[in-house]
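Have a look at the structure below, then the notes.
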Amino acid sequence: MGYSGARGGLEAILAAEDLVRRARDQADAPWAPTGQITARFRLAVDRVMGEGGIYHEPTAAAALRQAEGDPLEASHLVRAHRTTLPRLAVSEPTDPDEMIVLRRIVPAYRAPEGPQLLGRTTDYTGRLLEQPADRPEPQPREPRDVRERTEGQRRPGRFLDLLRKLDLVTDQRRRDDPEPVDITRKPPRPPAARSAVLSSMARAETGGLVAMWYRSILGPDGHVHEVTMGEIRHGRLPLRVRHPHTGNPVDVGEFRVTEAEAIENLDGPDEDRTKLDVGYGLCFGHNERKAIAMASMDIANRRFGRSGPLEQLLLLTVDGLDSAGFLEHLKLPHYVTFRSIVERKQAMRVVAETSAVPAVRLADQFAKEF
Amino acid sequence: MPTSTMDLVAELEQDTSLLDEGAKREIRRAILTAVCVPGYQVPFGSREMPVARGWGSGGLQVTLGVIGPTDTIKVIDQGDDAGVNATNLRRMIAFSTGAEPTADSREATVIQTRHRVPEEVLSKQHILVFQVPVPEPLRGVEKSVAEAARMHAEADYAKIWVSLYEDLVRNGLITKSGGYPLLVNGRYVMAPSPIPRWDVPRLHQAEHLNLFGAGREKKIYAIPPHTDVAPLAFDDVPFEVEHAPGARCQLCGSDDVFLVDAGTDGGYVCSDTEWCTRVREKDADLSNHRDHAPLDLLPDPAARMAQGADVQPWVPPARVTGGPEWALRVTGIGKVHGAGGADAVAGTGPEYGTAISPATRAVVAAWDVSFDVAPGEALGLIGESGSGKSTVLSCVIGDQPATAGQVYLAGVDDGRTDVLRLPDMARRKLRIDGMAVVHQDPAEGLNLGVTAGGNIAEQLTAAGWRGFHAIRRRAAELLERVEVPLSRMDDPVRTFSGGMRQRVQIAKALATDPPVLLLDEPTTGLDASVAAGVLDLLRGLLAERDVAAVVVSHDFAVIEALTDRTVVMQLGRVVEHGLTDQLFHDPHHPYTQRLVAAARR
Amino acid sequence: MASVLSVRELRKSFVLHTIDGRTVSSLHGVDLEVSAGEHVALAGPSGAGKSSLLRCVYRTYLPDSGQVWLHTAAGEVELTGLPDRAMARLRGREIGYVSQFLSAPPRTGPLEVVAAAARRRGLDRPEAREAAATALRRLNLDETLWDVDCGVLSGGERQRVNLAAGTVRPPRLLLLDEPVSALDPANREAALDLIGSLTAQGVAVLAVFHDMDAMRRLASRVVLMSGGLAERSGTPDDVLAGVA
Amino acid sequence: MTEVMTREQRCGLLAEAETEELVALADECLTDGVPLRVLSGPEVGVIAAQVREPVLAERFLLGDVLACRAEVELAGHRGWSIRMGDDRAATLAAAVLDAEVQGARPRSARVEQLCREVARRRAERDAAEWAELAPTIVEFEELT
């Protein structure tokens, strides 16, 4: 039996882990059950579902709790969990027109087809900090006469379809129906199909995608217009799979998504400048910021992705696990590489001390021969 | 027979491991590909692991892909079994796979490592799995992922050679530290994760299998046993490993191991803690270890630049003769931007006064343009901007695909093969020593951040030159010839004036003595006096080496100064051709007469 | 003596598209013969077509019709229909053209200009420099000027460089267009001597001179041109008697 | 709701039923000692949510939805179920109920009744939801 070293590290790791568990789980406060988190921290849960790339509220809530509220760490827990799971099926292609809307606004049009439905939002409420000591008393509600929901209210007509009717938008609908790229199985590298870019954005870190959008508008290397939003929706889509015995579609349930349409004013030399184009954003849960950034970047990618660095940026730099993981690896020991760097610095000094300026010396060596 | 759903569910446990079986199969397939193509980065569907990307998620996936319950696993970080990352990974791997953990390399079958190759000489029982943060060796010289992929595919590694050249020029030695770029099996350049240079020789013709996993970047690659691994280095400047004169391990006294700082007082200890302990316990094969230590590669400042004096000037090989009379022949080149292709051409051209197709609205930038050029001859292509001359040139170069036409080079298959039909890679190679280009904007033909000598080195290394001193000698000769002072040879081109940049671009184009030279507005944008000097230089150079040149310009003075024959283009068509002085003194076509009148004004 | 140049029915006119498409006629069917070792001078008033004829032979002008035959060692070549590349090559080797003005590229020295001409006529680099030096010396060009930019030379100096380039390793056919117009008397003598010696070497010379003395002294034969036609041909004395 | 329920409709409604009611009814189905074979699962995994976006009509994968699937054989009849989430008991129970109906076994009607109950609850929930949402509509003056 030979060497069996390895001391030191393990005890420290276990102690650090224990410190987290005790401080978090045994804190002097009531336990936060999963239901508590999904009800009170809905948007954080939705964000973790989107960035983690897996739709299940209780899983995301548990991850948030374990991650002490760090959404990126929670997404990591969710993704690592997903790695252990088999893929049961790929759903039938969902048509977003089937969405039952919970919120739907059309900024570009005063009175579109269907309602301007604000839904659950504090967009139009003053951001005044409330600090209630306890659960606020429920406000009494006026009973209102609500008529039955019409089909137009459940599934209002899409603003894009109105633009199409007005012949204001270039029709680029594809007939060849390419298979979508699965970025979780095949790493997307530029040049990539648009489906890979859309998937990449759908599970991007929200802040990273928003920063990329903002940079594209204000950054020195950006060339994207501040687009007009055609429509923003939050609602439920059916999840549909083929029944293995009958081959017919089965509705398994519904998942909530946020959808955005961005309207771009075409002005490029090779573009039809009499028309508009539309970018598309869709992500899990209620996350309007991400859907809007995604819609804008979809149109930017289609216009400028290949001619500049944008496609590579969207495919390779917006994933939170990638960027944060790389950042965090800097915390690991690096004394071997550091030693290697220092050795070269010392060698350079020796060169500098033993010869004047090396570059000139080299050039001069040949200069004499001419 | 169970009668309760709950009992049944309790009975039917679902398998939980870190990686589902489908993912493992995928990883094994990627590993097999990697072993078959040593050094090639195989993309794989990297899964998220319970460790951060960058904390060994790639290495972990590879390990989980190859390991089984009968294996023995050792994990080290910086050479140390007790490192925090190593500890974390080891317990996770052992827990989820049932493999036996060990710290003894001799017992291990799989060793996952971060930044080191163990000092123990590994054998065929070992699989060494590296955690790789950045798998792309070209990232430092090429940020575009698509372009880097192309460079690998075409073995186009000139840029990384230039970075070594620049390093030597600027610092007098190669300063690249860990993660030194390696040429594997003579084909792919590979990043060996940031292992120290000390470990590099131990990958060459090794007995063990090396697997590299980059989780965040979703790549797996390999160095199989008995594979050639060579650090990129010029033939005449030796590769060096780390060394501190007189350094020994404070604990075991070894001086033939990779040492790291022991503390803040200046001493050293082994980075490989297992080896250090075993040396102290007299449980190590010291002589076998010493045989494998890279002591022949310790830095020797005297040897670095020693071979410079013996370099002989390069004599270009004699031009092949006996083929066709011309060196370059262009037939029927056409370029249509937009719909319709050849069908868009009708109704365009000088007689219709438009280049826009009435049928499809496509722009017919050039159509039916033919010419040839013989060695020692210069042909002018003149016309106003928009006449299509630059389009024709860029089609000939291959910067844009031609809609119609063929291009033949006497140097390629004796002029029998249409080079436009060659694969992209072969066409790009032609630019190195078959058909060089001088662009109007020196920034297009040069890397402005690189020195004048480095720019020439790019062309030469692309053509296969590997002698640092031979490259420097050739670069100096060329710069001398184009009248760039040698004192500027090691300055970045960005610090040069426009005329000087153009001279460097010309020197670069001529570096490999190409038989054909294409010049696109070579003096446009330069002051008149500077332009005159460049023209003068070009004329001399063309005559000297019997180059076949095509000169595109809107300026009759340039065409007159450089060419014997000229083709006049208007609205995408050739309207007239002739001897250059004849076109200037006796132009026939109304368009040529207008050009001449304008030039005389 | 063997004919070197035969011009047959040569016609040339210019269509001026930039000036409302007007046509200007220059040559109306010229016939001319120059033999090896013969110096033919073209005489006549300005506008008679003398320079046009030289340029048509050299293909700086492209004739409308007619033929220009050059009799070379390899056989007869018709110049008006010769492909551009072949014409360009023939010019360097077989035909010299010395105009009134030096069109030397900037920043090139006299020695280089003349040596380049010699190289085009088949000499290798050292031989060409040697021949160029001899030619410049013969025309009394100060050696200190040999490497300066031709752009800074005086008119007379340039004309000598030009003449040296045209006569170094003399071509089969030499076309001279006012080659000594800017020279002072002493240098003019040397230049005329040089030109005179060419015929002795068997060069066929077709020349336009401004002054009658030069013509009388050098020409074996004078062709009088008028209105784009070769009107008369004869000895200098015969032809020039009527003109002057 | 009196029209005939298809198997797909039944599967969809069972996927939405509560765990307790599914397990209770499935346990009832098993009381007669009928042979039950679990063919697969109940297995927690994911369903990739595929969307056809409306601009270019291109499909892309939005992400994964956590789901559970099971397949059983009850008295020679196969039952299958899939539902969102990770509730393995509910999934297995739903597969048993599916097989019960496929085999036209004694509790088929009870299963259909459960499905109709789920459908009723869904309609109720929908109405309640609309009662909450409808007041958030921005009402513009009618243009006449």
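Labels below follow one simple rule: chain letters A, B, ... track the order of the sequence lines, proteins then strands, and each chain is numbered from 1.
Ring geometry for F60(D) versus Y280(A): interplanar angle over 60°, hence perpendicular rather than tilted (30 to 60°).
When each of C11(D), A48(D), G63(D), P135(D) is checked for heavy-atom pairs under 4.5 Å with chain A, A48(D) comes out on top.
Under the 3.5 Å distance criterion, the side-chain polar atoms of T136(D) are left unmatched by any main-chain donor or acceptor of L117(A). Listed for the W130(D) side chain is no donor-acceptor partner under 3.5 Å among the backbone atoms of Q153(A).
Using a 4.5 Å cut-off between heavy atoms, R59(D) touches chain A through backbone and side chain atoms alike. Neither the backbone nor the side chain of A127(D) comes within contact range of chain A; no heavy atoms are under 4.5 Å apart.
In this structure, D64(D) CG and R87(A) CZ are separated by 5.0 Å, a value rounded to the nearest 0.5 Å.
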Evaluation steps, salt bridge (charged side-chain N to carboxylate O under 4.0 Å, His left out), between E129(D) and R236(A): CA-CA 12 Å; E129(D) 177 184 272; R236(A) 298 193 304 264; 2.3 Å; yes

Full working for salt bridge (charged side-chain N to carboxylate O under 4.0 Å, His left out) between E132(D) and R120(A): CA-CA 9 Å; E132(D) 299 269 343; R120(A) 180 175 167 180; over 6 Å; no

side-chain contact (heavy atoms from CB on, under 4.5 Å) assessment of V90(A) paired with I47(D): CA-CA 5 Å; V90(A) 176; I47(D) 298 173; over 6 Å; no

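Considering all non-hydrogen atoms of both residues, R69(D) and L88(A) come closest at NH1-O, 3.0 Å.
The pair R173(A)-E53(D) does not count as a salt bridge, with every side-chain nitrogen at least 4.0 angstrom from each carboxylate oxygen.
Using a 4.5 Å heavy-atom cutoff, the side chains of V55(D) and Q172(A) are not in contact.
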